[in-house]
2 protein chains.
Amino acid sequence: MISSRVRTLVSSLGPQALRTGTGTGTSTGTGTWRPLLARYSSAAEPAAPDAPPAVPPVLPLATIREVLAAKALAGPSPAEAPSGEQQPVHVGGWVQTVRRMKRDLFLELSDGSTAKGIQVILPRDSVAFSQLLDQAAALGVADMSDTSADGLATGVSLEVRGRLTPSPGKNQTFELLADGVNILGLARSTFPLQKKFHRPEFLRDISHLRPKTRNFGSVLRVRDASSKSMHHILDNLGFVHIHTPILTTNDCEGAGETFEVKGPIFDGDGASTTATSPDGQQHYFGSPSYLTVSGQLQLEAAACGLSRVYTFGPTFRAENSHTSRHLSEFWMLEAEVAFIRSIQDIVGLTSTLFRSNIAAILSRCPEDLEHLEKNSPGLGERLAGFVGSGPPDGPNPFPVITYTEAIDILEREARGATSFLVGHAGSDAEGATHTAPALPPLAWGDNLSSDHERFLCERVFAGQPVYVVDYPQALKPFYMRQNDHADPARPTVAAMDMLVPGVGELIGGSVREERLDRLEQAIAGAGLCPEAYAWYTDLRRYGTVPHGGFGIGFERLIMVLTGMTNIRDAIPFPRYPGRCQL
Amino acid sequence: MISSRVRTLVSSLGPQALRTGTGTGTSTGTGTWRPLLARYSSAAEPAAPDAPPAVPPVLPLATIREVLAAKALAGPSPAEAPSGEQQPVHVGGWVQTVRRMKRDLFLELSDGSTAKGIQVILPRDSVAFSQLLDQAAALGVADMSDTSADGLATGVSLEVRGRLTPSPGKNQTFELLADGVNILGLARSTFPLQKKFHRPEFLRDISHLRPKTRNFGSVLRVRDASSKSMHHILDNLGFVHIHTPILTTNDCEGAGETFEVKGPIFDGDGASTTATSPDGQQHYFGSPSYLTVSGQLQLEAAACGLSRVYTFGPTFRAENSHTSRHLSEFWMLEAEVAFIRSIQDIVGLTSTLFRSNIAAILSRCPEDLEHLEKNSPGLGERLAGFVGSGPPDGPNPFPVITYTEAIDILEREARGATSFLVGHAGSDAEGATHTAPALPPLAWGDNLSSDHERFLCERVFAGQPVYVVDYPQALKPFYMRQNDHADPARPTVAAMDMLVPGVGELIGGSVREERLDRLEQAIAGAGLCPEAYAWYTDLRRYGTVPHGGFGIGFERLIMVLTGMTNIRDAIPFPRYPGRCQL
């Protein structure tokens, strides 16, 4: 059940709340502090008269998105036709394209607030056009003439004052008839982002300019919308955001693929910082510290007080991976829920989150999706298909199979025992690229490779996300709960992976082992040091509760949402072995 | 102007949107995938009938907050009186206190979803009470008897089924009459959190159990609400969340107080990762890498494409600070806005953000604030006073003085030239602790110390936040914009600090130098390497725009919102020199 109170409170944070003062009057207000200052300084001004406060805009210029949205809401009124009485508009942005027509100059101006930008019209006989030429001349643009306007190239920044008018063009409803133009900055001729196709590799090399491109702008806006939607959905479900630490002395997975962090060692009064640790060395924190590989264990501590918690932050792996699906620094959303016992609860929760997040993107970012579809045909249909026809917080519609079932499928496939591929080739979302995969054979107890994962969702289940549950205990970390129902010869744990087309594993989760004796056995069995996990076993020693959780690789989700095929293009500033630009 | 379109879109992400499918039907739904699986496995089930989907709760148990909110909305109906026909309730939580009365056992149960918890009643003649005794016996609690129930101590975890009934007590409106109780976990006798006062230092030593305390639970819920409100307010203002990187090869402030990060060096196929850098050493990223001290410079790159951007993430300082206001790892919200020219725009924006955030906390967390007031008298009044009587997004109501004015005030104070202290002692929010501060003397060009900052807002402006603007250029980093209006003998920059009572500097911001020639001079003047900042000057080379931004120390804001006096108690897992627990 979603808390209606939480919903009420959240909705009260909307625009109305922003304008609803809750003050009880201890603030002295604008008018009363200047006299205090007058005791000290001649710079004091007389107190302002006690007029009711007007609410001017928070920022001086509107964004293009705001201008277009306000206009779309108001609609074209009869008074606006060609009489020039329209509300004046003042925007800033960067020139995307220039079209030089005989009578008019057309500029496409973008400020990054929308995928489309706005079309600006400068009649050659207008004051604004003369202004532009004068400014260009003053800036030393010698070859800008009445006919060429060459200084006005892609990347130039402008302020434009004008009036919105209905557009005769088919690409926009309104255009901006300029009354005045102000050149803010030229783009030197070395500007690398000319109007043409740029390879993703080229753009990654200029990551400081990449946000100026239309394509990456759409990725960043979808990423923003997805992130905000995650907070919103989890808030509705009663989850508290816990900021788990980046610096840690734990190693959650026991994997050892961690970055070590070195701080300075202080002499003298910093004695407490230079305590010699068991390794015989001095450390800033008194012991070796690492960048987090997962906030899960700390999150479990929070869940044992607050019941429903999540963390959403950067996570690090010092792997030697040079694939399209791995980063050294990536964002992960991890959640932990007390009082759940079944892996099906984690399946249901993650399905709700995934589908509700996609529904939010479809509702918030239609223009960005439309643009991204040019490089990822069928993107919108694919996302709408994932949401499906039921409510996004309804029952999980995606296939759920056990690991054992998955192995059975993959074994038969490797033996050629089915004609499945032939029968379903037509419904494969990925088309011809996977028509004859040479799947490596595997047996119960083996890890699924990325190819196996993608084969399951792309081929067997025809492009749907697929849940695989109940993995062999030996494949999974010590903290996952042993399944009571498992074959003793093949012990399994209550774990799940959600596999999605094009990406493979997107979400991983499990029920955690809440039984102290079992957990202590698992820690010993994994060869871990019990003392290092004493705090973690304390959570079972004092009021243990059944609980579980999951983690979503956020950049992999952005790949799904945007159709990007390389994870390096799903994050503003990618870090991978050999590369840490800016 | 706040975008009405953005507002509309955001409101469409509410509960209604969660239940509005946008699917166009490519998903096959629950019923259709099992037949596919049947080709491979005998485990397949028959397809489910095509019933319209019901929407069960996403998670099996409701939180106490949800239960109380639903009941408060519904109100006690006549049918509910003592007839036992109330809707059954099923919750889980941890025992806070036990009161043993002659006829009944009273438990206060908390699941961390609210500050208050719920009172559970177990009549000694009830089935539930017998259940409890049987379970305790089975768990080996020997001394639990009909009269003592000693096993039921603080920290024990329970599931309770029962019915909400109006409470005769004065502390709650409803209480839970138990029909059945299930002990989930005992709390061993070594449990450190008995019902008594615990010093903050003691609780910091058991940071894995600290979320179980009522006080820290309130801090974490307020922190969550503040964080979510920040995203919400910035979304309404059209800001895009950019996840700036943690790992960086920049050093934004040029301060050198950074943590270095060491990754493994790979042989063989990892050749590209082990490129020898200019320092003659091999590095995981090809050059030395550090933990970020600010996302500002990368954020400026994003602002030069998307206009309004922010980042909200962990930030690191390897200082040797052992104060109540410094952490080695802290969260910072930084924003950057294109097309603004005046420091007054940054003042207005930060004032809106600060006051709107407080308004959200007052609206969302009244019970937590009520609890936190016990340790911070007047907290709610203080916060309401900061919001004031005007709209939170109205004009800034707080004093704005120049650095030169601040120095003038502090100089006169140090010379004893005013009787200001005596005249205003009564209105000091901090009371007696600051009655006779020995302010160190200072002159134009000196940095304000934390004592100076607090004196200004706590004493001179009687407990109000204060903005100080136009600092000497020599005190500030290279990227701040030189003021054209400044006395050439005393050059200043368009910078601002917001000082708040009890904390000192909470927000710092500036207009950035957008003029290429001035910026290059400043980089050279600061002794920085121009090549390292070539990407940053590119932002001025290609379509430069006037822009500015600010950063808020999030834990310092949490100190203001919760009344906590030590920053180590404003973050879930604090890191400071010598301490990195968990």
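Every chain is numbered from 1, with letters handed out A, B, ... down the list of sequences.
Per-residue heavy-atom pair counts under 4.5 Å with chain A were compared for B:His241, B:Glu260, B:Lys262, B:His208, and the maximum is reached by B:His208. No other option in A:Arg188, A:Lys212, A:His231, A:Arg540 has as many heavy-atom pairs under 4.5 Å with chain B as A:Arg188. When each of A:Ala302, A:Gly263, A:Ser307, A:Ala338 is scored by its heavy-atom pairs under 4.5 Å with chain B, the top score falls to A:Ser307. Heavy-atom pairs under 4.5 Å with chain B peak, among A:Ser113, A:Ser227, A:Ser289, at A:Ser227. When each of A:Leu184, A:Thr544, A:Leu582 is checked for heavy-atom pairs under 4.5 Å with chain B, A:Leu582 comes out on top. When A:Ser328, A:Gly185, A:Gly305 are compared by the number of non-hydrogen pairs under 4.5 Å with chain B, A:Gly305 comes out ahead. Options B:Pro546, B:Pro245, B:Ser207 differ in how many heavy-atom pairs under 4.5 Å they form with chain A, and the most are formed by B:Pro245. Comparing A:Gly348, A:Pro572, A:Gly313, A:Ser157 by how many heavy-atom pairs each has under 4.5 Å with chain B, the most go to A:Ser157.
Heavy atoms of B:Glu514 lying under 4.5 Å from chain A are absent altogether. Only the backbone of A:Arg579 comes within contact range of chain B, judged by heavy atoms closer than 4.5 Å. Heavy atoms of A:Trp331 lying under 4.5 Å from chain B belong exclusively to its side chain. Looking at A:Pro314, the atoms closer than 4.5 Å to chain B (heavy atoms on both sides) all sit in the side chain, from C-beta outward. For chain B, the nearby part of A:Glu329 is the side chain; its heavy atoms alone come within less than 4.5 Å.
Separation of atoms CG (A:Leu349) and CG (A:Asn396) is listed at 11.0 Å; rounding is to 0.5 Å. Taking CG of A:Leu209 as the reference point, atom CH2 of B:Trp535 lies at 10.0 Å (rounded to 0.5 Å). Atom CG of B:Leu291 and atom CG of A:Leu247 lie 6.0 Å apart (nearest 0.5 Å). Atom NE2 of residue B:His243 and atom CZ of residue A:Phe573 lie 12.5 Å apart, to the nearest 0.5 angstrom.
Salt bridge annotation for B:Asp235-A:Arg364: present, with a cationic side-chain nitrogen under 4.0 angstrom from a carboxylate oxygen. Using a cut-off of 4.0 Å between Lys/Arg side-chain N and Asp/Glu carboxylate O, A:Asp224 and A:Arg221 are scored as not salt-bridged.
Taking both residues in full, the closest heavy atoms of B:Pro60 and A:Asp345 are given as CG-OD2, 3.6 Å, listed atom of the first, atom of the second, then distance.
In this structure, A:Phe259 and B:Tyr284 have perpendicular ring planes: the angle between them is above 60°, well past the 30° mark.
In this structure, the ring of B:Trp94 has its center less than 6.0 angstrom from the ring center of A:Phe339.
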